[in-house]
*Asks:* 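The structure that follows is given in the form of structure tokens.
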Amino acid sequence: MTKKLFIKTYGCQMNVYDTERMVDVMAHEGYQVIDTPDEADLVVLNTCHIREKAAEKVYSDIGRLRVMKEKRRKAGAKDSILAVGGCVAQAEGAEIHRRAPVVDMVFGPQTYHRLPEMTRAADKSKSAGDRPRIVDTDLAVSEKFAALSKKAVAAKKTAFLTVQEGCDKFCTYCVVPYTRGGEFSRSFEDVMADAVKLNEAGVLEVTLLGQNVNAYHGHDVSGTEWSLARLIRHLAEVTDFKRIRYTTSHPHDMTDELIAVHGDVAECMPYLHLPVQAGSDRIVKAMNRHHTVAAYLKTIEDIRAVRSDIALSGDFIVGFPGETDADFQATMDLVRQVNYAQAYSFMYSERPGTPAAGWDDQVESHVKSERLAELQEELNRQQRAFNDNSVGQTLPVLLERTGKEASHLVGRSPYMQAVYVDVGDGALAEQYFGKLVDMKIISAGPRSLKGEFVG
Ligand code: 5AD
Ligand code: SF4
């Protein structure tokens with residue numbers, strides 16, 4: 001009998017990838033994914049702990065699910081199992097059970113391959129009251145990948161492939177080294193085995209994932225080390241992937257070798273997400289970012305020298321402890337100098353257990369909001385200009401999904417812009433779905449482009 005699984009994913013692409021793997025492992029247990037939690041036998045919240053708001057959202061969702069479970073119980077339906085996974089689970093552990101007793105299972109990002117055993121254990125006891133409280137927040141990464149690699153991959157045109165996980169950088173604001181654990185690179189053979197599987201399943205675009213993906217240094221059986229640059233070159237050579245992307249990178253690990261790949265590997269897409277966080281050396285140093293602003297700008301210059309059309313993206317934090325108006329203006333200067341195709345920006349959020357959370361020169365909340373608004377206005381303007389500049393160009397678009405309107409197909413340009421096309425009736429949709437097609441860009445909005453088929 002099939003059972004129903006609902007997973008809600010919060011946060012980054014690593015979590016999106018993890019959710020896909022959970023769906024794979026649970027499919028082997030007879031679970032089918034559904035779109036709402038109401039009728040699910042198993043509800044999984046795959047959580048994010050990166051900023052305070054993300055974590056608080058999880059608790060309010062748990063509150064809503066508690067009400068839903070209560071309703072089901074009253075209606076005499078079978079109780080659902082509620083599992084909280086991901087980074088909030090890793091950071092809070094058993095505290096989640098204390099704060100929200102309705103939760104049955106708590107598991108971290110490195111233990112979800114054991115989800116089937118945990119679910120079976122929870123499922124045995126019929127009433128929620130005498131279910132065992134399960135907490136599994138081990139941080140040993142390699143066992144997880146070994147367990148997951150045996151499972152099949154879904155048939156899609158774009159896919160994520162985790163090559164690296166965790167982080168040893170310890171930026172003073174960030175929880176990742178604590179929730180995802182230390183830096184870990186998968187072996188070359190393991191990565192290639194997954195890549196070949198995806199390739200054979202018809203995937204055209206692969207995104208290599210890692211919290212610090214450009215720090216990748218996996219070994220092969222002979223003990224030789226593989227950098228991300230070599231790995232991309234090899235993938236381009238031996239697979240039929242038409243597009244290769246990677247994210248997220250750290251400026252410190254942006255080697256000349258990797259920059260060169262952007263210049264001469266056609267499959268490597270002209271898009272780079274390279275967070276700098278702030279434009280003042282004083283702040284960047286206090287953040288423990290291991291690089292200067294000048295070094296970041298030099299990297300941008302070098303990459304533009306080999307790939308002048310590259311679309312740049314970044315992450316920014318405003319209101320880091322001790323940030324003055326002058327420091328913030330340095331961030332604005334840097335943004336104007338780089339000219340981003342898109343970017344993410346956040347107000348600094350104190351994360352328990354990180355060094356900066358304890359500092360006494362925290363920035364007032366209204367100052368943070370004002371700075372964020374000023375920064376976002378400039379970033380939005382730059383994104384809009386980048387998109388406007390695409391109008392009239394012909395760009396290859398991988399039409400991978402349907403849009404908000406049934407007659408729309410949506411895909412990404414090489415520069416990661418969302419491009420949609422109106423295909424009208426079903427016949428065209430069928431013809432173009434999942435295809436990499438040249439499209440003429442006919443108009444631009446702040447977040448997407450509209451295209452039409454050429455020829
Ligand atoms: N406060 C605000 N933003 C944060 N980020 C990470 N930690 C924090 C924090 N404590 C942002 C950084 C990072 C992105 C994933 O989230 O910009 O690059
Ligand atoms: Fe967090 Fe810094 Fe590591 Fe990125 S590099 S995951 S921001 S500690």
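Here, residue 1 is the first one in the sequence, and each next residue gets the next number. As the structure lists them, so they are numbered: ligands from 1, and atoms in each ligand from 1.
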*Asks:* Should you measure from each heavy atom of C171, which atoms of ligand 2 turn up under 4.0 Å away?
*Replies:* 2 (Fe), 5 (S), 7 (S), 8 (S)
*Asks:* Is the contact between Y173 and ligand 1 made by the side chain, the backbone, both, or neither, using heavy atoms and a 4.0 Å cut-off?
*Replies:* both
*Asks:* Pick one of side chain, backbone, both or neither for how C167 approaches ligand 2, counting any non-hydrogen atom pair under 4.0 Å.
*Replies:*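 The part of C167 near ligand 2 is the side chain, not the backbone.
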*Asks:* Quick one: does ligand 2 sit under 4.0 Å from the side chain of Y173, the backbone, both or neither, non-hydrogen atoms only?
*Replies:*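 For Y173, the contact with ligand 2 is made by the side chain alone.
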*Asks:* Which of the listed options, N212, D315, D253, holds the heavy atom that is closest to atom 4 (Fe) of ligand 2?
*Replies:* N212
*Asks:* Among H250, K169, Q164, H252, which one satisfies side-chain hydrogen bond (donor to acceptor under 3.5 Å, both in side chains) with N212?
*Replies:*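 When H250, K169, Q164, H252 are each tested with N212, the side-chain hydrogen bond (donor to acceptor under 3.5 Å, both in side chains) holds only for K169.
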*Asks:* For M347, take its heavy atoms, then give the atoms of ligand 1 lying under 4.0 Å from any of them.
*Replies:* 1 (N), 2 (C)
*Asks:* Show me which atoms of ligand 2 lie under 4.0 Å from any heavy atom of F170.
*Replies:* 8 (S)
*Asks:* With a cut-off of 6.0 Å (strictly less than), are more than 12 heavy atoms of other residues, nucleotides or ligands near CZ of R66?
*Replies:*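 Count not over threshold, so no.
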*Asks:* Aromatic ring centroids of H234 and F188 under 6.0 Å?
*Replies:* yes
*Asks:* Can you list the ligand 1 atoms lying under 4.0 Å from a non-hydrogen atom of I50?
*Replies:*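 So the answer, numbered in order with elements, is 5 (N), 6 (C), 7 (N), 8 (C), 9 (C), 10 (N), 16 (O).
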*Asks:* Go through F320 and W359 one step at a time and tell me if the ring-ring contact (aromatic ring centres under 6.0 Å, His included) criterion holds.
*Replies:* CA-CA 10 Å; F320 185 77; W359 296 352; 5.7 Å; yes
*Asks:* Starting from atom 1 (Fe) of ligand 2, what is the nearest protein heavy atom, named by residue and atom, and what distance separates them?
*Replies:*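 Here the nearest protein heavy atom works out to C174 SG, 2.3 Å.
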*Asks:* At less than 4.0 angstrom from any non-hydrogen atom of Q277, what atoms of ligand 1 do you find?
*Replies:*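 Close to Q277: 12 (C), 13 (C), 17 (O), 18 (O).
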*Asks:* For ligand 2, indicate whether the residue P177 contacts it via side chain, backbone, both or neither (heavy-atom separation under 4.0 Å).
*Replies:* side chain
*Asks:* Have E400 and T158 got a donor and an acceptor in their side chains that come within less than 3.5 Å?
*Replies:* yes
*Asks:* Using the ring centroid of each side chain, check whether Y246 and Y271 are separated by less than 6.0 Å.
*Replies:*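 Not close enough - the centres of the two rings lie 6.0 Å or further apart.
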*Asks:* Which ligand 1 atoms are under 4.0 Å away from a heavy-atom of R351?
*Replies:* 10 (N)
*Asks:* Within the structure, does Y348 bring an N/O atom to less than 3.5 angstrom of an N/O atom in ligand 1?
*Replies:* no
*Asks:* Using a strict cut-off of 4.0 Å, indicate which atoms of ligand 1 neighbour a heavy atom of S349.
*Replies:* 1 (N), 2 (C), 9 (C), 10 (N)
*Asks:* For atom 13 (C) of ligand 1, which of the options D315, V176, I317 provides the nearest non-hydrogen atom?
*Replies:*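 Nearest heavy atom to atom 13 (C) of ligand 1 lies in D315.
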*Asks:* Starting from atom 5 (N) of ligand 1, which protein heavy atom do you reach first, and at what distance in Å?
*Replies:* R51 NH1, 3.6 Å
*Asks:* Counting from 1, what ligand 2 atoms have a heavy atom of H250 closer than 4.0 Å?
*Replies:* 5 (S)
*Asks:* For the residue pair Y178 and F170, is the inter-centroid distance of their aromatic rings smaller than 6.0 Å?
*Replies:* yes
*Asks:* Aromatic ring centroids of H219 and F184 under 6.0 Å?
*Replies:* no
*Asks:* Decide whether the shortest distance between a heavy atom of R289 and an atom of ligand 2 is less than 4.0 Å.
*Replies:* yes
